Amino acid sequence: METVSSVKCFGGEQGVYRHASAACGVDMTFGLYMPPAAADGPVPLLWYLSGLTCTHENAMTKAGAQGWCAQHGVAIVFPDTSPRGDGVADDESYDLGQGAGFYVDSTQAPWAPHFSMRSYILNDLTDLLAETFPLDMARQGITGHSMGGHGALTMAMSEPDRFGSVSAFAPISNPTGADWGRKQLSAYLGSDEAAWSAFDASLLLRSRGWKGDILIDQGDADPFLELLRPQALVDAISETGQAATHRMQPGYDHSYFFVASFMEDHVAWHAERLKNLD
């Protein structure tokens with residue numbers, strides 16, 4: 001692992017690192033904030049999965065998470081959203097290819113050789129973090145924005161023994177029913193729609209549910225509501241009786257101004273649940 005940069009931040013350290021990924025077959029970059037409490041021993045870990053077009057840097061510099069993580073003694077990791085570089089497949093549209101990994105393991109050409117973001121998060125990066133940093137890997141939470149909210153919700157419901165808490169900001173809630181989803185899932189996973197259901201939060205909530213409660217924030221002025229389909233998730237929550245708080249925030253859009261406005265709530269929410277795990 002190579003340290004790209006490391007700076008003091010709210011008494012802790014904000015680092016950027018590069019490492020070889022077996023899942024993606026290329027070097028990957030991620031950001032990791034370690035709070036001051038890490039000097040005294042392992043701390044809980046919060047995953048933040050970013051949205052379309054983002055790198056590790058967007059949330060790291062715009063979400064305002066570090067101060068709240070320092071306050072609560074929680075580390076936060078900012079993975080990239082896709083493999084990158086020469087020889088990695090791409091598309092001229094912004095919502096497919098590099099910057100748009102969708103947190104799945106692709107099975108289709110030309111994406112399969114590198115686009116295995118699910119395995120990258122759950123295996124490669126998890127193992128590296130556990131081996132390298134003072135983190136309490138028995139206390140992991142996950143959140144994300146837009147495409148990353150989709151990733152957070154679907155990974156948590158698929159891996160309930162790994163994650164102790166889950167939340168999302170404006171998640172792509174029903175990708176099998178929207179252009180933000182059908183396009184990417186068909187490209188990465190093929191035409192068999194049965195294979196898509198494991199990557200749809202609204203469907204997973206009905207088939208698997210979540211062991212605890214869920215926090216979701218959505219802006220009602222978000223220009224992408226038709227693509228995000230928040231009502232599909234609200235309906236699934238209602239039909240299943242899932243413990244969840246789904247907040248429609250008046251006047252907020254899809255930007256990092258929205259994310260930063262509610263980051264304090266999400267970090268505190270995860271910190272409380274992770275610290276209360278047995």
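As the structure is a prediction and not an experimental result, all values here were calculated from the model.
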For the side chain of [X] and the backbone of [Y], is there at least one donor-acceptor N/O pair under 3.5 Å apart?
X: Trp196; Y: Ser191; result: no
X: Arg18; Y: Val4; result: no
X: Lys275; Y: His72; result: yes
X: Asp90; Y: Gly97; result: no
X: Asp220; Y: Gly251; result: yes
X: Gln66; Y: Phe10; result: no
X: Asn174; Y: Ala232; result: no

Hey, which of [options] is the one that makes side-chain contact (heavy atoms from CB on, under 4.5 Å) with [X]?
X: Pro171; options: Leu153, Leu49, Thr143; result: Leu153
X: Trp180; options: Gln184, Arg182, Lys183; result: Gln184
X: Val88; options: Pro83, Pro110, Pro113; result: Pro83

Hey, what do you get for [atom1] ([X]) to [atom2] ([Y]), rounding to the nearest 0.5 Å?
X: Met155; Y: Arg162; atom1: CE; atom2: CZ; value: 9.0 Å
X: Asn58; Y: Leu52; atom1: CG; atom2: CG; value: 11.5 Å
X: His19; Y: Thr132; atom1: NE2; atom2: OG1; value: 9.5 Å
X: Leu45; Y: Thr126; atom1: CG; atom2: OG1; value: 8.0 Å
X: Leu125; Y: Asp80; atom1: CG; atom2: CG; value: 10.5 Å
X: Gln231; Y: Ser173; atom1: CD; atom2: OG; value: 10.0 Å

Quick one: side chain to side chain contact (heavy atoms under 4.5 Å, CB included) partners of Pro223, sequence neighbours excluded? Asp253, His254

Evaluate whether atom CD of Glu226 has more than 12 neighbouring non-hydrogen atoms of other residues, nucleotides or ligands under 6.0 angstrom away. no

Got more than 12 heavy atoms from elsewhere within 6.0 Å of CH2, Trp68? no

Should the pair [X] and [Y] be assigned to parallel (<30°), tilted (30 to 60°) or perpendicular (>60°) ring geometry?
X: His266; Y: Phe169; value: parallel
X: Phe262; Y: Tyr252; value: perpendicular
X: His150; Y: Tyr103; value: tilted

Provide the closest heavy-atom pair for [X] versus [Y] in the form atom of the first, atom of the second, distance.
X: Gly73; Y: Pro35; answer: C-CG, 3.8 Å
X: Ser106; Y: Leu189; answer: CA-CD2, 4.4 Å
X: Leu185; Y: Pro175; answer: CD1-CB, 4.2 Å
X: Cys9; Y: Gln14; answer: CB-CB, 4.2 Å
X: Asp105; Y: Ser119; answer: OD2-OG, 2.5 Å
X: Tyr94; Y: Ala100; answer: O-CB, 4.1 Å

Given the rule in the side chain to side chain contact (heavy atoms under 4.5 Å, CB included) test, do Ser146 and Ile172 qualify, once you have shown the distances and angles that lead to the verdict? CA-CA 5 Å; Ser146 194; Ile172 299 174; 4.3 Å; yes

If you define the side chain from C-beta out and look only at heavy atoms, does anything of [X] sit under 4.5 Å from [Y]?
X: Arg118; Y: Ser158; result: yes
X: Pro79; Y: Met28; result: no
X: Leu96; Y: Trp111; result: yes
X: Gln71; Y: Val267; result: no
X: Thr81; Y: Thr55; result: no
X: Phe115; Y: Ser82; result: yes
X: Thr245; Y: Trp269; result: no
X: Tyr17; Y: Phe133; result: yes

For residues Trp47 and Gln140, is any side-chain donor paired with an opposing acceptor at under 3.5 Å? yes

Give a yes-or-no answer on whether the side chains of His56 and Thr29 include a donor-acceptor pair shorter than 3.5 Å. no

If you take the centroid of each ring, where Trp contributes its six-membered ring, are His114 and Tyr120 closer together than 6.0 Å? no

How about Tyr188 and Phe102: are their ring centres within less than 6.0 Å of each other? no

Can you hop from [X] to [Y] via hydrophobic side chains spaced under 4.5 Å?
X: Trp210; Y: Leu277; value: no
X: Phe199; Y: Leu228; value: yes
X: Leu122; Y: Ile76; value: no
X: Met147; Y: Val259; value: no
X: Leu32; Y: Phe78; value: no

Among residues two or more places apart or on two chains, list those pairs meeting salt bridge (Lys or Arg N to Asp or Glu O under 4.0 Å) that have a residue in residues 196-219. Arg206-Glu239, Asp213-Arg273, Asp217-Arg247

Check step by step if side chain to side chain contact (heavy atoms under 4.5 Å, CB included) holds for Met157 and Leu205. CA-CA 7 Å; Met157 283 187 275; Leu205 198 62; 3.7 Å; yes

Under the ring-ring contact (aromatic ring centres under 6.0 Å, His included) rule, collect the residues that match up with Tyr256, sequence neighbours excluded. His145

Checking side chain to side chain contact (heavy atoms under 4.5 Å, CB included) for the pair Phe258/Asp222: CA distance, chi angles, key distance, verdict? CA-CA 9 Å; Phe258 155 67; Asp222 192 321; 5.7 Å; no

Before you tell me yes or no, could you show the steps for His270 and Leu215 under side chain to side chain contact (heavy atoms under 4.5 Å, CB included), namely the whole-Å CA-CA distance, both residues' side-chain angles and the distance that decides it to 0.1 Å? CA-CA 9 Å; His270 282 277; Leu215 174 62; over 6 Å; no

